[in-house]
Structure formats: C-alpha cells, structure tokens
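A short write-up of the structure that comes next.
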Number of protein chains: 2
Amino acid sequence: MGRWEPNARGRLEQAALELYVERGYDETTVAEIAKRAGLTERTFFRHYADKREVLFGGAGVLHDLFVDAVAAAPADAAPIDAIAAALDAAAGMFQDRREFARRRQGVITANPELQERELIKLASLSAAIAGALRLRGVAEPGASLAGEAGIAVFKVAFDRWINQPDQSDQAEQRDMAQFVRESLAELKVVTAGV
Amino acid sequence: MGRWEPNARGRLEQAALELYVERGYDETTVAEIAKRAGLTERTFFRHYADKREVLFGGAGVLHDLFVDAVAAAPADAAPIDAIAAALDAAAGMFQDRREFARRRQGVITANPELQERELIKLASLSAAIAGALRLRGVAEPGASLAGEAGIAVFKVAFDRWINQPDQSDQAEQRDMAQFVRESLAELKVVTAGV
DNA sequence: AGGGTGATGACAGGAACTGACATCGCTCCT
DNA sequence: AGGAGCGATGTCAGTTCCTGTCATCACCCT
C-alpha cells in the first residue's frame with residue numbers, strides 16, 4: 001500500500017469516525033487517523049483544515065440541496081413553504097443513512113469542539129437559505145429569520161428522528177419527514193402567540 | 001506590580017480584547033495577553049479554559065437574565081410573550097454598551113473560531129430558554145423550537161442594532177429594543193405562511 | 001509567630017497545525 | 001520511448017495551544 005491508493009479523503013473520513021467512536025475524539029490523534037488510512041499526518045491536513053473538519057465532509061451536498069430546493073419552489077410559494085420543501089428534500093437525503101447519522105451524531109454530541117463545528121455549519125446553511133430567499137424577493141430581516149427558523153426545525157426534527165426509541169417492528173420506525181412536518185407545525189403554533 | 005494585583009480576570013479580558021482589536025485574534029498569542037495583564041500564560045489558562053473563552057466572560061449574566069425573565073413572565077403568558085419579555089430585558093442590558101459590543105463583535109466576526117464559540121453560547125442560551133419554558137408547562141418540541149426562535153430573533157436584532165448606520169444626531173440612533181420588536185414581528189409574519 | 005489556603009510562577013511536554021522542500025506516480029507531448 | 005510537467009504525498013523543523021506538576025508567594029486565622 002504505497003502512495004496513490006485511491007479515495008484518500010474517504011479513507012480518512014472512515015478512519016476518523018471509527019477511531020472517534022472507538023476511543024473518543026480527544027483520545028484520538030491525527031497521526032493515528034492518518035496511519036489507519038495509510039497516510040501521514042501532514043497529508044491529513046492537506047485534505048482537512050483541522051481535526052474536526054473530517055467529520056463534516058458531507059456539508060457541501062446538504063448546502064446545495066437546501067439552496068436548490070428553495071430556489072426550485074414555485075415562484076408564488078411563501079418563504080415558509082419553500083423552506084418546507086427544502087426540509088423534505090433534506091429528510092429524503094438521510095432516509096437510508098440513519099445508522100450512520102446516529103453513530104456520527106453520537107460522536108459530535110460527546111464533544112463540545114465538534115458541537116461548535118456543527119453549529120457553524122448549520123449557521124452557514126441558515127445564511128444560504130436566507131440568500132436563496134432573497135433571490136426570490138424576500139426582504140430582510142425576513143429572509144434571515146426564515147433561514148434561522150428553517151434550521152431550527154431541521155435541528156429539532158433531526159434530533160428527534162435520531163433519538164426516537166428503536167422499534168422491534170422496523171415498519172414502525174418513523175422517518176425524518178414525519179418529524180420535520182410535526183416540528184414545523186409546532187413552530188407555527190409557538191410563534192403565533194395567543 | 002508583583003502578584004496579587006486585584007481583578008486578574010478583568011485585566012485579562014481587557015488585554016485580550018485590546019490585542020485582538022489591535023493585531024487580530026490569530027496574530028495574538030496567549031503569552032502576550034498574559035504579559036499585558038501582568039500575569040503569566042499559565043495563569044491565563046487557570047482563569048479561562050482556552051484562548052477564545054476570554055471574550056465570553058459575560059455569557060453567564062446573559063444566561064441568568066434570559067432564564068429569570070422567562071420564569072418571571074405571567075403564568076398565563078404564551079411562550080412567545082415570555083420570550084419577548086426576555087428579549088426586552090436583554091436589549092436593556094446592552095443599552096449603554098453599544099460601543100463595547102461593537103468592538104467585541106468586530107473581533108468575533110473576523111474569526112471563525114470565535115464565531116463557533118459564540119454560536120455554542122447562543123445554543124446554550126436557547127437550551128436554557130427551552131428549559132425555563134418547560135418549567136412553565138410547555139411541552140417538547142414546542143419548548144425547544146420556541147427557544148431557537150427566541151435566539152434567532154436575538155441574533156438578527158443584535159446584528160442590525162450593531163450595524164445600523166451611525167447617525168450624526170445621537171437621538172436618532174435606534175436602540176436594540178426597537179430592533180427586537182421589529183424582528184419578532186417579522187418572524188411571526190414569515191412563519192405564519194400565507 | 002506559625003501554619004493553612006488559595007492564587008501565581010516555573011518548567012516540561014504532548015498534540016495541533018504550518019511552512020518549506022524533496023519525492024513519487026501519472027499524463028501528455030514530441 | 002523518453003522526458004517534462006504536475007499534482008499528491010512524504011519528511012522535517014518549528015510555533016502555538018494547552019496540561020500536569022511542583023514550588024513559591026501573599027494573606028488570614030489562631
């Protein structure tokens with residue numbers, strides 16, 4: 001296994017997740033991740049800016065998914081409906097990845113540094129949604145607030161989807177789209193006032 | 001200036017902000033901060049967990065302010081109204097600190113690591129609001145969503161208050177409470193749907 | 001005066017990250 | 001075929017963040 005094995009990034013991401021799960025984020029060294037991936041520490045830092053970033057390689061596709069879905073919504077759709085469409089698309093993307101998402105989220109939840117990184121990724125998503133809404137003619141501060149609201153729903157729905165009790169009957173597992181709809185409805189209730 | 005000069009934390013916070021403003025966060029070393037405060041690097045880390053935390057010494061009082069205000073709202077007030085009261089209290093706290101807030105926020109905006117830290121502080125505030133709402137009998141996921149919504153309004157209002165154009169006539173400067181009300185109203189509009 | 005206590009200093013060291021330069025494998029051009 | 005070019009990787013040295021450990025100092029209490 002010399003140089004030039006293909007898919008260095010994929011190997012690094014898998015090695016990192018494995019080690020973070022096995023022994024914890026703090027107790028894992030970048031040199032160890034690189035070694036398990038058959039690379040050196042220096043090469044790790046050529047692929048990822050830091051030790052945290054290796055867990056967030058998929059952030060870009062989620063970003064595009066949100067932006068595209070908001071842009072693709074009917075021109076006369078209200079901001080909240082464009083966001084609802086984007087959230088549905090996001091839920092679909094996670095459809096068959098619950099176990100992976102669970103393992104990964106467990107690592108993140110166990111470490112504040114990783115939570116910080118996740119939060120800035122979500123903030124970036126929020127800003128992207130706001131930008132896409134502005135392109136649809138939504139003015140500030142409405143666009144930013146709608147973006148924040150959308151991410152709030154995403155966070156809550158994702159958390160509930162990940163942490164729902166396991167059902168012995170696989171068919172009874174609720175999928176993320178259900179939690180998204182439930183959370184969005186609840187947000188409307190709670191912001192409406194009396 | 002031997003040991004035992006009083007208010008070590010205050011000196012560290014002031015020295016850090018000054019240096020972060022003067023030469024940037026990345027270009028400032030913890031040893032330099034400690035030296036300006038008349039202390040050593042090791043002592044810096046006894047007062048603050050890391051180089052970022054020194055900018056967030058005031059987070060605790062904001063936390064208490066939010067929790068207390070939510071708890072103090074009339075028992076029959078809707079969640080969104082309890083949050084509105086908390087936001088008003090927060091706006092009052094910043095009343096005479098706009099210039100300080102501006103300088104500090106400029107440093108944070110210029111650096112992703114600091115933005116991450118700020119985001120996790122705000123997430124902690126959101127969770128605290130949700131907890132206070134649950135004590136008022138608000139069920140999940142409504143409590144969490146209301147907490148997130150409250151922080152979203154706070155973020156947007158704070159940003160607009162900080163970045164509003166300077167008026168030659170001091171009296172024309174809008175205060176944060178106005179931005180809070182405006183943002184909260186806009187959130188209601190944008191989440192209401194058609 | 002002397003002991004206790006809490007804050008600080010001094011020192012060593014690990015790990016994260018960066019810059020500079022060498023090396024390797026592939027591709028393209030002639 | 002052979003070499004030039006190029007991008008990915010390896011090697012090494014160095015800085016900074018952060019931590020553990022132990023000594024030292026100022027104050028307080030008796």
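Just so we're on the same page: letters track the sequence lines, and every chain starts at 1. Heavy atoms only: backbone and side chains are in, while hydrogens, waters and symmetry mates are out. This structure is a prediction, so every number in the text was calculated from the model and none was measured.
Spacing between atom OH of B:Tyr25 and atom P of C:dC17 amounts to 12 Å, rounded to whole angstrom units. Regarding B:Asp26, its CG atom lies at a distance of 17 Å from the P atom of D:dT15, rounded to whole Å. In this structure, CZ of A:Arg9 is placed 15 Å from C1' of D:dG7, rounded to the nearest angstrom. Distance, A:Asn111 CG to C:dA16 P: 12 Å, rounded to whole Å. One can place CG of A:Leu39 at 17 Å from P of C:dC24, the figure rounded to the nearest angstrom. Following rounding to the nearest Å, B:Glu113 (CD) and C:dA16 (C1') show an atom-to-atom distance of 11 Å. Atom CD in B:Glu5 sits about 10 Å away from atom P in D:dC27, given to the nearest Å.
With sequence neighbours excluded, the residues that form a side chain to side chain contact (heavy atoms under 4.5 Å, CB included) with A:Ala84 are A:Leu184.
Residue A:Ala31 is classed as having no contact, given no heavy-atom separation below 4.0 Å to the nucleic acid.
Using a 4.0 Å cut-off between charged side-chain N and carboxylate O, B:Lys121 and B:Glu53 make a salt bridge. In this structure, A:Glu118 does not pair ionically with A:Lys155, as no charged nitrogen and carboxylate oxygen lie closer than 4.0 Å. Salt-bridge annotation for B:Arg36 and B:Glu22: present, with a side-chain N of the basic residue lying under 4.0 Å from a carboxylate O of the acidic one. Between B:Lys51 and B:Asp26 there is no salt bridge, since no side-chain N of the basic residue sits under 4.0 Å from a carboxylate O of the acidic one.
For D:dC18, the OP1/OP2 oxygens have a side-chain nitrogen or oxygen of B:Arg52 closer than 4.0 Å. Phosphate contact (OP1/OP2 of D:dT15, side-chain N/O of B:Thr29, threshold under 4.0 Å): absent.
B:Arg104 forms no cation-pi arrangement with B:Tyr20, by the criterion of a distance under 6.0 Å to the ring centre and an angle within 45° of the ring axis.
Scanning residues 40-51 of chain A for heavy-atom distances under 4.0 Å to DNA chain D yields A:Thr40, A:Arg42, A:Thr43, A:Arg46, A:His47.
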